[in-house]
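Data block below; observations after.
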Amino acid sequence: MADIRVRFAPSPTGYLHIGGARTALFNYLFARHNGGTFVFRIEDTDTQRSTQEYVDEIMASMKWLGFSWDEGPFFQTQRMDLYRAKVQQLLDEGKAYRCYCTPEELDAKRELAMKEGRKPKYDGACRERTDHPEGVPYVVRFRAPDEGTITFNDLIKGPVTVDVAELDDIIIQRSDGTPTYNFVVVVDDIDMGITHVIRGDDHVNNTPRQILMYQGLGAPVPEFAHVPMILGADKSRLSKRHGATAVMSYEQMGYLPEAIVNYLARLGWSCGDQEIFSMQELIDKFTLEHVGRAAGVFNPEKLLWLNSHYIKTAEGERLVTLLRPHLERLGLNPDVHPERLPAVVEMYRERSKTLAEMASSAAFFFREMPEYDPAAVAKFLTADNRALLESVIRHLEASPSFTGEAVEQAIQAVMAETGLKMGKVAQPVRVAVTGGTVSPGLSEVLVALGRDDTLKRLRVACDLSQQG
RNA sequence: GUCCCCAUCGUCUAGCUCGGCCUAGGACACCGGCCUUUCACGCCGGCGACAGCGGUUCAAAUCCGCUUGGGGACGCCA
């Protein structure tokens, strides 16, 4: 197969969202799987709404997800001369014409058409106009054929046929002289030698008219593959009201990029019954043939499950690095006890679905004293339990070392001395040391905390239970 | 409204290309049990779908048609 070239071309009028990220992923995987080239282009022709902040955000998202590109980023605003020349070429060849209709006139006609149940479509008022009034603003329209059909074989959907009567003469250059999306996308895809256009489903309707422009520009038509949309739980187009949609907000919520990538890949694509895929596996196995045709609902629970899977299996050192900012976000300083970080990660990786959750669960390790849960204190740090806590303190003090084994022996000794069962001993101690009733295994927690901190917390708890 | 697209468990999906191997498989979620010092993890089990109708055929989730439902597009946005 000839060299495959694909592109991801977001517009910087918003952050990179879940849907855009999946489009980027499919392009990336398709390029890598086929040894092709992945071009990154920024479609910033809407100068009113495009911002540098969004450009930065999109690039940061791409990098975080691991979608490295081979060429670009190209900015359309820096390619205006090319577009202008192409518009002129079309004008010279009679394939485009100037239209002097005002936006107001167009709006009125559109409204009327809608009201009468017709498809709102440009009526061709200026189609045959040859005069060139001085100083009157105009747009340039691409002349579509009067009759016939356009058929393209979508690599995902199969053949799609549209009657050209459905198409109107679209604007390719605004009255301020800037080109529009449907035109620049074609000019750029031609100029950049794009062979496969993989994009969102919402562009199928644009495809026929774009094909017309490829032909008008005398260029070969690329292959198209339209990826189904991602829907919210109510089956409507995914948006903010369905929860977080910005890719980078997932980093802040403590998700691992491999979880997002894995989830996005499986939303609309499959490979038998396999659920877990590394990026390399995705590259090896990804083909357009296995992309589904139906829109899919974004399921946050499954993403969470994948995230917990990747937290369980990630390398400890990496987790330590990733956990730090989440602790800091909680107002904690991980560097007061950097030595506890590795143990914390090992203790919590099996019971955390996100890094943010891990940070808040393990917060007591990085505070001077735990934040006591009043209900837990009332239930377990009672006067009745004071003797028990004192016994624990005594045995821990007497313990020759503070390893897991030593701590467990001390607890056994307490059980023997008080005649209490493990459950009765563990909960008061757990509350004393962590502030709550839920934590990893008790001895692990005590060892990670160290003898000094453990004893300190136990003594404070003892005082509390005295008051109770 | 017009045009385009889509349709298997609540959700993501396998199967559909080359009809029989499907009393429809897996995963998330949910429910129950086991494990257990709490919470998790893990393990075992359960619930649960071929949208409807008609056709083709010895045989249809798989092919065809219609209906219904859903989504998208109709911008001097992308």
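Only heavy atoms go into these numbers, but all of them, side chains included; no hydrogens, no water, no symmetry mates. All figures in this text were calculated on a predicted structure; none of them were measured in a lab.
- Rounded to a whole Å, the CG atom of A:Leu238 is 15 Å from the C1' atom of B:G72.
- Base-pair partner of B:C76: not found among the strands shown (Watson-Crick or G-U wobble, both distances under 3.5 Å).
- In this structure, A:Asp169 atom CG and B:C74 atom P are separated by 16 Å, rounded to whole Å.
- Using C1' as the reference atom, B:C47 and B:C31 are 7 Å apart when rounded to the nearest Å.
- Looking at every heavy atom in both residues, A:Ile276 comes nearest to A:Glu281 through O-OE1, 3.9 Å.
- Closest to the side chain of A:Val438, out of B:C76, B:C39, B:U37, is B:C39.
- The base-pairing partner of B:G42, taking Watson-Crick or G-U wobble contacts with both distances under 3.5 Å, is B:C34.
- Side-chain proximity of A:Leu442 to B:U37, B:C76, B:U13: nearest is B:U37.
- Looking at the side chain of A:Ala294, the nearest of the listed nucleotides B:C41, B:A29, B:A7 is B:A7.
- Side-chain atoms of A:Trp305 lie closest to B:C28 of the nucleotides B:U37, B:A40, B:C28.
- Contact check, A:Arg237 against B:A73: a side-chain N or O comes under 4.0 Å of OP1 or OP2.
- The aromatic rings of A:Trp69 and A:Phe40 are tilted relative to each other, their planes meeting at an angle between 30° and 60°.
- At a threshold of 4.0 angstrom between heavy atoms, the contacts of A:Gly441 include nucleobase atoms, whether or not backbone atoms are also involved.
- Residue A:Glu275 has its side chain nearest to B:G26 when only B:U37, B:G26, B:G75 are considered.
- The closest donor-acceptor contact from the side chain of A:Ser399 to the backbone of A:His395 lies at 3.5 Å or more, if one exists at all.
- Judged by Watson-Crick or G-U wobble contacts below 3.5 Å, the nucleotide B:G20 has B:C58 as its partner.
- Checked for salt-bridge contact, A:Asp191 and A:Arg79 meet the test: a charged N lies under 4.0 Å from a carboxylate O.
- Counting any heavy atom pair closer than 4.0 Å across all strands shown, A:Pro208 reaches no nucleic acid atom.
- In this structure, CD of A:Glu104 is placed 14 Å from C1' of B:G75, rounded to the nearest angstrom.
- Of all nucleotides listed (B:A78, B:G42, B:C74), B:A78 comes nearest to the side chain of A:Asn182.
- If you check every strand for non-hydrogen atoms under 4.0 Å, A:Val139 touches a base.
- Rounded to whole Å, the distance from CZ on A:Arg110 to P on B:G75 is 4 Å.
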Could you list all N or O pairs between the protein and nucleotides 3-5 of chain B that sit under 3.5 Å apart?
unit_1	atom_1	unit_2	atom_2	d
B:C3	O4'	A:Glu166	OE1	3.3
B:C5	O2'	A:Lys157	NZ	3.0

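- Among residues two or more places apart in sequence or in another chain, the salt bridge (charged side-chain N to carboxylate O under 4.0 Å, His left out) test is passed with A:Arg129 by A:Asp131.
- Rounded to a whole angstrom, the distance from the P atom of B:G54 to that of B:A59 is 15 Å.
- Between B:U38 and A:Ser439, no contact under 4.0 Å exists linking OP1 or OP2 to a side-chain N or O.
- Annotation: B:A60 and B:G52 have their C1' atoms spaced 16 Å apart (nearest Å).
- At a threshold of 4.0 angstrom between heavy atoms, the contacts of A:Lys312 are confined to the sugar-phosphate backbone, with no base atom among them.
- Taking 4.0 Å as the cut-off between side-chain N and carboxylate O, A:Asp168 and A:Arg141 do not count as a salt-bridged pair.
- For the pair A:Leu106 CG and B:C74 P, the interatomic distance rounds to 15 Å; values are reported in whole Å.
- Note: A:Phe26 and A:Phe286 meet the aromatic proximity criterion, with ring centroids under 6.0 Å apart.
- Scanning residues 425-435 of chain A for heavy-atom distances under 4.0 Å to RNA chain B yields A:Ala426, A:Gln427, A:Arg430.
- Between A:Tyr100 and A:Tyr138, the ring planes are tilted. Angles from 30° to 60° get that label.
- In a base pair of the Watson-Crick type (N1 to N3 plus N6-O4 or O6-N4) or a G-U wobble (N1-O2 and O6-N3), with each distance short of 3.5 Å, B:A14 is matched with no nucleotide.
- Between A:Lys235 and B:U11 there is a side-chain N or O to OP1 or OP2 distance below 4.0 Å.
- The stretch residues 38-54 of chain A comes close to RNA chain B through A:Glu43, A:Thr45, A:Asp46, A:Arg49, each having a heavy atom under 4.0 Å from the strand.
- Comparing B:A27, B:A78, B:G75 by their nearest atom to the side chain of A:Tyr181 picks out B:A78.
- Separating the P atom of B:C34 from that of B:G26 is a span of 24 Å, rounded to the nearest Å.
- Taking OG1 from A:Thr403 and CD from A:Glu408, the interatomic distance works out to 9.0 Å, rounded to the nearest 0.5 Å.
- A salt bridge between A:Arg110 and A:Asp107 is present, with a side-chain N of the basic residue lying under 4.0 Å from a carboxylate O of the acidic one.
- For A:Tyr263, the ring-ring contact (aromatic ring centres under 6.0 Å, His included) criterion is met by A:Phe298, not counting sequence neighbours.
- Counting heavy atoms of neighbouring residues, nucleotides and ligands inside a 6.0 Å radius, atom CD of A:Glu405 does not exceed 12 of them.
- Contact annotation for A:Asp176: no contact, since no heavy-atom pair falls under 4.0 Å across all strands.
- Summarising the geometry, the separation between CG on A:Leu446 and P on B:U38 is reported as 16 Å, rounded to the nearest angstrom.
- When the side-chain contact (heavy atoms from CB on, under 4.5 Å) test is applied to A:Glu390, the partners found at least two apart in sequence or on another chain are A:Arg386, A:Cys462.
- Figure legend. B:G69 is base-paired to B:C6; pairs are counted as Watson-Crick or G-U wobble with both atom distances under 3.5 Å.
- Look at A:Arg199 and A:Asp189 and you find no salt bridge, because none of the NZ, NE, NH1 or NH2 atoms lies under 4.0 Å from a carboxylate O.
- With a 3.5 Å ceiling on both atom-pair distances, B:C47 lacks any Watson-Crick or G-U wobble partner.
- To the nearest 0.5 angstrom, A:Leu396 atom CG is 12.0 Å from A:Gln409 atom CD.
- Of the listed nucleotides (B:C28, B:U13, B:U38), B:U13 has the atom at the smallest distance from the side chain of A:Leu267.
- In this structure, A:His203 reaches the bases: a heavy-atom distance under 4.0 Å links it to at least one base atom across the strands shown.
- Taking the P atoms as reference points, B:C4 lies 27 Å from B:U11, given to the whole Å.
- The side chain of A:Pro120 approaches B:C74 more closely than any other nucleotide in the set B:C74, B:C12, B:A78.
- Using modelled atom types, no side-chain atom of A:Lys86 and backbone atom of A:Leu217 make a donor-acceptor pair closer than 3.5 Å.
- Here, B:U23 and B:U2 have their C1' atoms 46 Å apart, quoted to the whole Å.
- Across the C1' atoms, B:A61 and B:A49 are found 10 Å apart, a figure rounded to whole Å.
- Taking atom P on both B:G25 and B:C9, the two are 14 Å apart, rounded to the nearest angstrom.
- Of the candidates B:G75, B:C28, B:G72, the closest approach to any side-chain atom of A:Glu301 belongs to B:C28.
- For a distance-only test at 3.5 Å, the side chain of A:Ser175 qualifies as a donor-acceptor partner of the base of B:C76.
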